[in-house]
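Scroll down for the structure; my scribbles are underneath it.
All chains are named by letter (A, B, ...) in the order of the sequence lines, taking the proteins before the strands, and each is independently numbered beginning at 1. All of these numbers come straight from a predicted model, not from anything done at the bench.
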Amino acid sequence: MKIIKNYLFYFLVASLFIACTSDDGFDKDEEKPTISVNYTNGFPQGCTQLTKGQTYSFRAQVTDNKELAAYSLDIHHNFDHHTHDDQVTECDLGAIKSSVNPYLHVENYTITEGLTAYEINISITIPDDVDTGDYHCAYSVTDKTGWQSRTSIDIKIVE
Amino acid sequence: MFYKTLSIWLLCSLYSIAFAQNTSQIKGVVVSENTLTPIAGANIIGKNLLSISSTNGEFVIDHVHTDSCSFEVCCLGYACKTVVVHADDDKNAVKIYLKQASTDLKEVNISAKSKQRKALETPMVSQTVSKDFLDKNRENSLMQTLSKIPGVSTINIGSGQSKPVIRGLGFNRVAVVQNGIKHEAQQWGNDHGLEIDQQGIENIQIIKGPASLLYGSDAIAGVVDIQPNKIPLQHSFKGEVNVLGESNNDLLGISTGIESRKEKWFYRGRFTYRDYADYKVPTNKINYENYIFELHDNNLRNTAGKEIDGSVSVGYVAKNIKSETVFSNVNAKNGFFANAHGLEVRTSKIDYDSSNRDIDLPFHNVNHFKITNNTSLDFGNHTLFFDVGFQNNHREEHTEPTAHGYMPKPSGSKERVFKKNTYSLNVKDSFTLNKKHDVVLGVNMEYQDNNIGGWGFLIPEYDRFTAGVFAYDQFEINSDLHFLAGMRYDFGKVDTKAYYDWYPSTVRNEDNSTSDVYLQRAQNKSLNFGNLSASVGLSYIQNQTSYKLNVGRSFRMPLASELASDGVNYHMYRYERGNLDLDPEVSYQLDVEVDHTTKLFSVGVSPFVNLFDNYIYLNPTPTYFETLQIYEYTQSKVFRIGGEARASVNLYKNLQLTTSVEYVYSRQTSGPKKDFTLPFSPPLSVLFSANYQFKDFLFFKKPQFMADYRITASQEEIVPPEEITDGFQVLNMSFISKMDVFKNENPMDVRVKLNNVFNTKYFNHTSFYRLIDVPEAGRNISLSLTIPF
């Protein structure tokens with residue numbers, strides 16, 4: 001009798017949990033957006049050298065299963081080698097140095113509602129008076145749900 | 001029989017405390033008439049007198065009012081003897097000879113209720129954790145030790161720190177109480193541990209449900225109540241040294257404690273030191289997003305740490321008063337994984353791999369100093385309890401300084417400093433009415449003063465005052481049926497202080513020109529909160545089965561971080577924004593507990609249903625602030641259901657098998673993350689335990705072998721920015737025994753524990769490092785020796 005009781009108990013518990021763990025059937029967005037510079041027009045590629053005074057189009061492809069929301073571009077110096085990129089190539093970093101007038105680009109942008117694919121295209125002119133050396137370029141993108149994806153690329157600014 | 005003796009002893013020793021008074025004294029010794037050896041534990045009972053002989057047969061009777069007195073001396077296995085001491089006798093050397101008797105004492109009916117019985121009678125769903133459990137299951141931190149209890153899990157930060165999670169809720173939703181005073185640290189933070197020395201704790205009560213009725217705000221999801229240790233026996237001295245070694249993180253720990261009591265005064269002391277290296281994970285590289293971190297020697301870079309804890313206490317017990325004052329200090333330094341500071345990927349010139357024991361940047365340093373006093377006074381039917389506390393929490397986070405956004409490179413490594421002083425006072429009166437009602441009336445007050453420092457800003461400076469009044473009544477309808485009802489009102493006030501950046505940021509004006517501004521991150525604000533808590537419950541005991549039903553409303557005041565954060569959280573690499581319009585969280589919960597225990601087996605279930613009107617949730621928004629994703633505190637309705645079940649059976653005399661299951665389902669039913677779960681939701685988990693007690697062999701006494709096999713399902717219910725976590729199975733084994741090497745009365749306790757036997761690589765969904773794909777610790781052998789003296 002006791003054994004039966006025990007088994008019955010396990011059975012009840014098990015059925016309770018099986019009942020609970022089955023898919024809840026709610027339509028939720030569980031996918032992150034994607035971001036990539038790994039296509040022909042993607043810019044910058046790993047280890048790209050940017051010349052002062054030149055204008056460049058920063059381009060990256062972003063997609064999402066439901067709806068894209070916003071993106072950002074952050075270009076900051078990496079003179080202290082505080083970080084590195086997530087690209088396949090590994091760049092030779094210059095010597096560690098301190099900054100005088102480093103170039104800084106910190107900007108957020110929104111994407112028109114309803115899109116699931118978009119090409120980021122930001123035109124940037126590198127000023128003449130900034131420090132040359134190692135820089136870090138970080139893109140990020142969010143979807144409407146609040147998922148985020150990022151990618152970052154090591155670049156250099158040269159004379 | 002042993003229990004009977006023990007309960008008589010305990011009961012009597014309690015009485016001996018209660019009847020203490022200052023008058024003359026009789027000292028003596030009880031010996032066996034046959035062998036002339038001293039008899040320990042003999043009861044000396046007279047009119048208003050009570051004493052118990054110590055291990056060497058000696059006893060002392062205080063407060064003899066009359067010139068002559070008579071008392072009866074009894075001990076199990078001996079015939080009782082009546083002794084009369086006259087005024088002219090030598091009261092310092094009374095020798096009593098007891099004759100061995102073949103009959104036992106008559107059975108004694110004890111009218112006091114045992115702790116277990118009281119726990120069954122109270123309708124609140126709670127669980128008591130004994131010193132025995134703690135000793136058998138001790139892990140690296142207190143909460144890891146407790147996570148074996150179904151419904152309790154942890155958020156781990158490396159190998160030495162963890163914070164409590166009860167049924168999937170943690171942070172400030174679980175109150176940790178020590179010696180009656182709420183432990184106040186920086187528990188709102190993701191990378192913050194508990195700052196309590198787990199050595200020397202004897203008794204913990206865990207409430208798995210809303211308990212703000214008794215504990216105020218913060219106890220909305222549960223309470224870990226570390227209770228004061230038992231008062232030592234009269235004329236006793238006890239001490240122990242515990243030495244611990246672990247293979248996975250090369251931990252070396254030593255903890256020593258003493259306690260002693262004369263008659264009325266007692267004191268205790270404890271010192272704990274632990275030093276550990278980086279912990280090892282069963283992988284040699286970590287993949288996080290597109291980054292790959294190679295690990296040197298499987299060491300999780302820079303997770304070493306050390307901890308120095310000390311405490312002393314002085315206490316006094318007399319007829320109507322009990323009082324103990326405890327001074328304690330916990331100091332810890334812990335390194336954080338170096339390759340990703342939270343979610344941000346970092347490289348560094350620091351040679352982290354040169355030693356696995358050094359603690360480099362980033363690390364934190366915490367010091368928690370605490371004074372508590374617990375006093376109780378008896379007046380006839382009433383017992384008054386006073387708990388007074390002062391706590392100083394000082395936490396510093398150090399990081400390699402680097403420029404970020406418009407912030408230039410700061411001059412030092414001190415990123416954030418939190419200093420918090422907390423003053424607490426609890427007063428309660430407990431009394432019985434008509435022998436049927438156990439009534440408790442009380443007030444709690446707490447004042448906090450929070451200061452900040454460092455170059456990073458996350459939460460503003462703030463002061464907080466909270467006060468609550470409560471009353472509850474446990475009514476005994478009949479001896480098996482009890483009803484509990486209680487109400488509480490809390491008032492709270494939070495004053496935040498303004499904060500401006502120490503560097504200018506470039507802001508675009510309306511006419512598209514730009515200006516450099518020292519941005520204001522927090523304002524001077526004063527916010528008031530008030531809320532009602534209530535609880536109604538019923539318990540019914542039917543022979544070996546007990547039933548409990550409890551419905552409660554609990555609340556939690558919003559924290560300063562939730563109200564007024566406005567800054568970059570570098571650990572999580574996101575921008576966190578508070579919301580001054582948040583309402584106090586209100587939660588309704590229905591708890592049921594059914595337990596059936598016989599000598600051979602025991603089964604129990606404890607399901608719950610829980611509704612939050614306005615759960616405060618840090619919502620990842622789709623928007624950016626200076627290229628960091630903005631996370632904003634919002635409120636949403638939440639529905640939760642779940643519970644625990646356990647069954648244990650004593651198969652043979654020496655084999656015990658136990659199974660427990662825990663599960664929580666949560667869903668947000670409104671707000672921007674409608675239909676999503678809550679962050680850090682623990683997955684379905686089953687624990688199988690076997691415990692086998694061997695026969696004594698060599699010098700091993702009561703040797704036991706234990707195996708714990710945990711099967712955890714995958715967690716597919718996630719919310720941004722979490723990842724799905726796969727299920728896992730992990731086996732832990734341990735051997736514990738008493739070791740009677742020196743053939744004295746105090747055998748050593750030895751424990752050998754093997755965690756993660758197969759060195760399985762698995763992820764814990766509720767671990768701090770889960771977000772950067774760091775697996776749990778690999779195989780670990782630990783050896784612990786406790787030597788009493």
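One N or O on the side chain of B:Y624 and one on the backbone of A:V141 form a donor-acceptor pair closer than 3.5 Å.
The one candidate from B:P620, B:P622, B:P720 that meets the side-chain contact (heavy atoms from CB on, under 4.5 Å) condition with A:T142 is B:P622.
For B:V719, the part sitting under 4.5 Å from any heavy atom of chain A is the backbone (N, CA, C, O) and nothing else. Heavy-atom distances place the side chain of A:I96, and not its backbone, under 4.5 Å from chain B. The part of B:F625 that comes within reach of chain A is its backbone (N, CA, C, O), which places non-hydrogen atoms under 4.5 angstrom from that chain. Only the backbone of A:D143 comes within contact range of chain B, with at least one heavy atom under 4.5 Å from a heavy atom of that chain. The parts of A:T145 that come within reach of chain B are both its backbone and its side chain, each placing non-hydrogen atoms under 4.5 angstrom from that chain.
The neighbour count for A:E113 CD, taken as heavy atoms of other residues, nucleotides or ligands under 6.0 Å away, does not exceed 12. Around the CG atom of A:D92, the shell of radius 6.0 Å holds no more than 12 heavy atoms that belong to other residues, nucleotides or ligands. Atom NZ of A:K144 is surrounded by 12 or fewer heavy atoms from other residues, nucleotides or ligands within 6.0 Å. Other residues, nucleotides and ligands contribute only 12 or fewer heavy atoms inside 6.0 Å of the NZ atom of B:K637.
Here the closest non-hydrogen pair linking A:W147 and B:I718 is CH2-CD1, 3.8 Å. The shortest non-hydrogen separation linking B:E716 to A:E30 is O-OE2, 3.9 Å.
Considering only heavy atoms from C-beta on, B:R667 stays 4.5 Å or farther from A:K28 through its side chain. In this structure, B:K409 and A:H77 have side chains that are not in contact, with every pair of non-hydrogen atoms separated by 4.5 Å or more.
A distance of 8.0 Å separates CG of A:N78 from OG1 of B:T402, quoted to the nearest 0.5 Å. The CZ atom of A:R150 lies 9.0 Å from the CD atom of B:Q629; values are rounded to the nearest 0.5 Å. Atom OH in A:Y109 sits 10.5 Å away from atom OG1 in B:T627 (nearest 0.5 Å).
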